[in-house]
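Below is one structure; the comments refer to it alone.
Order of appearance sets the numbers: ligands from 1, and atoms from 1 within every ligand. Sequential numbering from 1 along the given sequence is applied to the chain's residues.
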Amino acid sequence: MTIKGTTQLLGVIGYPVKHSFSPLMHNAAIAHLQKTGPADYVYLPFPIHPDSLKDAIAGFEAIGLRGFNITIPHKQTIIPLLDDVSEVAKAIGAVNTVWYGSQSHSGRRSGESGWCGTNTDAIGFLAPLKALKQDWTSTQAMILGNGGASRAVVAACHQLGCQRISVVGRNPEKLAWFAESWVNSPDIAARLKVMTWDELPARLHKADLVVNATPVGMHPDIDASVLSDQEMGLLPKGAIAYDLIYTPRPTKFLQQAAAAGLTTVDGLEMLIQQGAAALEIWLDRPAPVEVMRRSLLDYLAQSS
Ligand code: NAP
């Protein structure tokens, strides 16, 4: 990759940010684009302490940063610092992609420049599912966990047309808030049901799509799963088990699902596709998805 005096900055903010795969994936994409034409960008990790978020955004504007991704813990707290937020990000309640420019991507088209935010996690989540089948209208989705990623999955399942979307959590207060938080998205609220884990076994036989949106089973906790073998066995034949986690590959959850004869999807493609969608916003051209995928697969193969 060539960095010159004209090179524009992209990046990812988080705290910590050192675990992020985004610099690897985006710089591989930029290096590839430079082989075929102008792509004068570099993508950097920015560890931003929560107390410094406002200063960091002002600093980014001062140095003319083109855009950035957002990871934990800033996905919600950045919203009031932005000039415009897309409808999908408002519904999800979190932003993972920001760009500086006119606000056309977020639907307001005011023509003014400022920080604009959207959320590409739902696009990323949907990409591997759309490759599996077209019609999801009779699907009953069961989402395990009620954190930030779960919110993007709920919005995505609604976009897919799922008949019912259930969300399982362990904290009744957080669950009640989760249910109430969709008040401005009545179509989603009408299809959404929240429940605690003790209600889950009686519902699993109807779940066509079960999504692990908790960190349970993530490296180094690789022998853990949110479902027992017996619970996984309650899912109907033909069900899809989707784990948002991408390290290890496969997770215990997906090993159990494969043993039960279910279709399995892990979180790597979601990571790639949410990144590709962000790159397309910043560069206004198609992202080299296969290059991004290969960069991560090579890295994971080397580090395993
Ligand atoms: P989060 O906001 O912290 O939410 C985690 C959720 O999991 C919360 O509802 C939490 O419950 C629940 N949970 C945590 N430990 C649990 C346990 N032992 N048993 C039952 N529930 C438990 O995290 P997030 O951002 O939603 O991320 C969730 C997972 O998705 C992570 O593994 C993350 O790496 C992955 N992810 C992947 C992608 C991708 O591109 N593939 C994108 C985003 C996230 P409480 O609220 O009660 O604590």
Side-chain angles (χ1 to χ4, degrees), residues 12-22 24-26 50 69-78 89 92-97 118-129 142-157 166-179 181 192 194-201 210-228 231 241-254 264-279 289 292-293 296-297 300:
V12 53
I13 66 167
Y15 200 80
V17 78
K18 62 185 176 192
H19 62 277
S20 175
F21 288 171
S22 294
L24 186 83
M25 171 169 79
H26 283 290
N69 285 128
I70 298 123
T71 187
I72 291 170
H74 303 310
K75 282 186 172 187
Q76 286 89 26
T77 48
I78 193 152
I92 294 170
V95 162
N96 81 332
T97 301
T118 192
N119 193 310
T120 63
D121 280 339
I123 297 173
F125 174 80
L126 288 178
L129 291 181
M142 180 69 73
I143 303 163
L144 311 175
N146 58 310
S150 173
R151 298 189 64 80
V153 174
V154 167
C157 287
S166 302
V167 170
V168 185
R170 57 186 178 177
N171 180 323
E173 279 176 20
K174 283 188 188 174
L175 270 180
W177 177 83
F178 191 98
S181 67
L192 184 69
V194 298
M195 65 181 81
T196 47
W197 287 89
D198 52 318
E199 296 175 69
L200 179 65
V210 61
V211 182
N212 178 31
T214 79
V216 178
M218 187 159 63
H219 183 83
D221 197 15
I222 60 172
D223 293 325
S225 170
V226 274
L227 294 187
S228 65
E231 286 169 332
Y242 194 145
D243 198 335
L244 302 193
I245 295 170
Y246 44 85
T247 51
R249 303 187 81 208
T251 56
K252 174 84 187 287
F253 177 83
L254 293 187
T264 61
V265 180
D266 76 13
L268 194 69
E269 195 61 19
M270 174 177 175
L271 177 72
I272 295 161
Q273 297 286 350
Q274 62 77 30
L279 197 64
V289 176
M292 298 168 86
R293 186 181 293 118
L296 293 186
L297 289 173
L300 290 170

Problem - contact_flag Val226 ligand 1 heavy-atom lt 4.0 Å - result: no

Problem - Ile245-ligand 1 polar pair, N/O distance under 3.5 Å - result: no

Problem - Heteroatom proximity flag, Tyr246 to ligand 1, N/O under 3.5 Å - result: no

Fill in the blank from the handout: Scanning both residues in full, the closest heavy-atom pair of Ala89 with Val95 reads CB-CG2, 3.9 Å

Completion exercise
The answer for which part of Val216 has a heavy atom under 4.0 Å from ligand 1 is side chain

Handout entry: Is_contact(atom 33 (C) of ligand 1), protein non-hydrogen, under 4.0 Å
Key = no

Fill in the blank from the handout: heavy-atom search around atom 46 (O) of ligand 1 in the protein gives Lys174 NZ, 2.9 Å

Handout entry: Protein residue, atom and distance nearest to atom 2 (O) of ligand 1, heavy-atom basis
Key = Gly148 N, 3.0 Å

Exercise for the section: Identify, for atom 5 (C) of ligand 1, the protein heavy atom at the shortest distance, and state residue, atom and that distance. Expected result: Pro215 CD, 3.8 Å

Exercise for the section: Taking all heavy atoms of Leu175 and all of Val168, pick out the closest pair and write down the distance. Expected result: CD2-C, 4.3 Å

Handout entry: For atom 4 (O) of ligand 1, the protein heavy atom that lies nearest, with its residue and separation
Key = Gly147 CA, 3.3 Å

Completion exercise
Among non-hydrogen protein atoms, atom 26 (O) of ligand 1 lies closest to Ala149 N, 2.7 Å

Exercise for the section: For Thr214 and Trp197, work out which heavy atoms get closest and say how close. Expected result: CG2-CZ2, 4.4 Å

Practice task
Using distance alone, with no hydrogens and no angle criterion, decide if Thr251 and Asp243 have a side-chain donor and acceptor under 3.5 Å apart.
Solution key: yes

Exercise for the section: Just need the protein heavy atom nearest to atom 42 (C) of ligand 1, so name the residue and atom and give the distance. Expected result: Met270 CE, 3.7 Å

Exercise for the section: Quick one: closest heavy-atom pair of Ala94 and Asn119, and the distance? Expected result: O-ND2, 2.9 Å

Exercise for the section: Using a distance threshold of 4.0 Å (strictly less than), state whether atom 7 (O) of ligand 1 has a protein heavy-atom neighbour. Expected result: yes

Practice task
Check Ala213 against ligand 1 and report side chain, backbone, both or neither, counting heavy atoms closer than 4.0 Å.
Solution key: backbone

Problem - Residue and atom name of the nearest protein heavy atom (relative to atom 17 (C) of ligand 1), distance in Å to one decimal - result: Arg170 NH1, 3.2 Å

Practice task
Work out which heavy atom in Tyr242 is nearest to a heavy atom in Met270; give both atom names and the distance.
Solution key: OH-CB, 3.8 Å

Exercise for the section: For residues Ile272 and Met25, report the shortest heavy-atom separation together with the two atoms involved. Expected result: CA-SD, 3.8 Å

Problem - N/O donor-acceptor pair under 3.5 Å between Asp266 side chain and Pro250 backbone - result: no

Exercise for the section: Walk me through it: do Val216 and Phe253 pass the test side-chain contact (heavy atoms from CB on, under 4.5 Å)? Expected result: CA-CA 9 Å; Val216 178; Phe253 177 83; over 6 Å; no

Exercise for the section: Using distance alone, decide if ligand 1 has a nitrogen or oxygen within less than 3.5 Å of any nitrogen or oxygen in Gly267. Expected result: yes

Fill in the blank from the handout: The closest protein heavy-atom partner of atom 36 (N) of ligand 1 is Leu244 CB, 4.0 Å

Exercise for the section: Using atom types as modelled and distance alone, determine if a side-chain donor or acceptor of Ser150 lies under 3.5 Å from a backbone N or O of Gly145. Expected result: yes

